[in-house]
Amino acid sequence: MPYLHIPAMVQEVIEYLDCRPGGIYADGTLGGTGHARAILENTAPDGMLIGCDQDIDAVENAKELLRPFGHRVRFYHGNFSQFPDYFSQTNIEGVDGIVLDLGLSMHHLKGSGRGFTFKGDEPLDMRMNIETETTAEDIINAEREDT
């Protein structure tokens, strides 16, 4: 299933980030690339985007959809809390703006099969990063009711 996501308030994000050519921006919830694409379009021809997502499906989707922007975008699989490491790996000291579109995407609700919805019979997983060990089912079965 294709990665489904509708980004929130794209024009407002671009306006408040003050995207401009040559700027360096970070998207910590790469998702379906709506904000990332708009940032790259508004920073052409030489702006840069550092993008990450803890969902590997989102990162792989982004690599495909943002391929036309070539070397102007760097991809990382991980949490936005790791931005300092990503910036260091990219040899930049800081960015002109950061966007975080927090929450679930349509992909998580309709296509991930990870139990983010009650509308289907799916395992109670609920991990954004499938490389983490503990699932929602593990927590429910291991924790006491009174804790």
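Worth saying up front: this structure is predicted, and the values here are computed from it rather than measured.
- Remark: Glu93 pairs with no residue by the side-chain contact (heavy atoms from CB on, under 4.5 Å) rule, at least two apart or across chains.
- Counting all heavy atoms, side chain and backbone alike, Leu30 lies closest to Ala62 at CD2-CB, 3.4 Å.
- When the side chains of ILVMFWY residues are joined at heavy-atom separations under 4.5 Å, either directly or via intervening members, Met9 and Ile98 end up in two distinct hydrophobic clusters.
- For the pair Pro21 and Pro45, the tightest heavy-atom approach, listed with the atom from each and the gap, is CB-CD, 4.3 Å.
- With values rounded to the nearest 0.5 angstrom, Ile92 atom CD1 is found 9.0 Å from Arg74 atom CZ.
- In this structure a side-chain-to-backbone donor-acceptor pair under 3.5 Å is present from Asp46 to Gly22.
- Across Phe83 and Ala26, no two heavy atoms sit closer than the pair CZ-CB, 3.5 Å.
- Closest approach of Cys19 to Asn42, counting heavy atoms only: CB-CB, 3.8 Å.
- One distance of note links CD of Glu60 with NE2 of His77; it measures 9.0 Å at 0.5 Å rounding.
- Under the side-chain contact (heavy atoms from CB on, under 4.5 Å) criterion, Leu65 pairs with Thr33, Arg37, Asn61, not counting sequence neighbours.
- Every residue two or more places apart in sequence or in another chain that forms a salt bridge (charged side-chain N to carboxylate O under 4.0 Å, His left out) with Glu64 is listed here: Arg67.
- A donor-acceptor pair is defined here as one N or O able to donate and one able to accept, closer than 3.5 Å; such a pair exists between the side chain of Arg72 and the backbone of Gly47.
- The shortest side-chain heavy-atom distance between Tyr25 and Ile50 does not fall under the 4.5 Å cut-off.
- Within the model, atoms CE of Met48 and CD1 of Ile39 stand 13.5 Å from one another, a figure rounded to the nearest 0.5 Å.
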**OP:** Decide side chain to side chain contact (heavy atoms under 4.5 Å, CB included) for Phe80 and Gln54; before the verdict, give the C-alpha distance in whole Å, the side-chain angles of both, and the deciding distance to 0.1 Å.
**Re:** CA-CA 8 Å; Phe80 53 80; Gln54 58 184 341; over 6 Å; no

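- Listed by chain and number, the residues in a ring-ring contact (aromatic ring centres under 6.0 Å, His included) with Phe75 amount to none (sequence neighbours excluded).
- One side chain, Tyr86 or Gln82, offers a donor N or O that lies under 3.5 Å from an acceptor on the other.
- Nearest heavy-atom pair, Gly34 versus Val10, reported as atom, atom and distance to 0.1 Å: O-CG1, 4.4 Å.
- Summarising the geometry of Ala36 relative to Leu66, their closest heavy-atom pair is CB-CD1, 3.9 Å, with the distance given to 0.1 Å.
- In this structure, the side chains of Val73 and Leu40 come closer than 4.5 Å at one or more pairs of heavy atoms.
- In this structure, Thr29 OG1 and Leu100 CG are separated by 5.5 Å, a value rounded to the nearest 0.5 Å.
- Under the salt bridge (Lys or Arg N to Asp or Glu O under 4.0 Å) criterion, the residue pairs touching residues 19-33 are Asp18-Arg20, Arg20-Asp96, with sequence neighbours excluded.
- When the salt bridge (charged side-chain N to carboxylate O under 4.0 Å, His left out) test is applied to Glu15, no partner is found at least two apart in sequence or on another chain.
- Other residues, nucleotides and ligands contribute at most 12 non-hydrogen atoms within 6.0 Å of the CD atom of Gln11.
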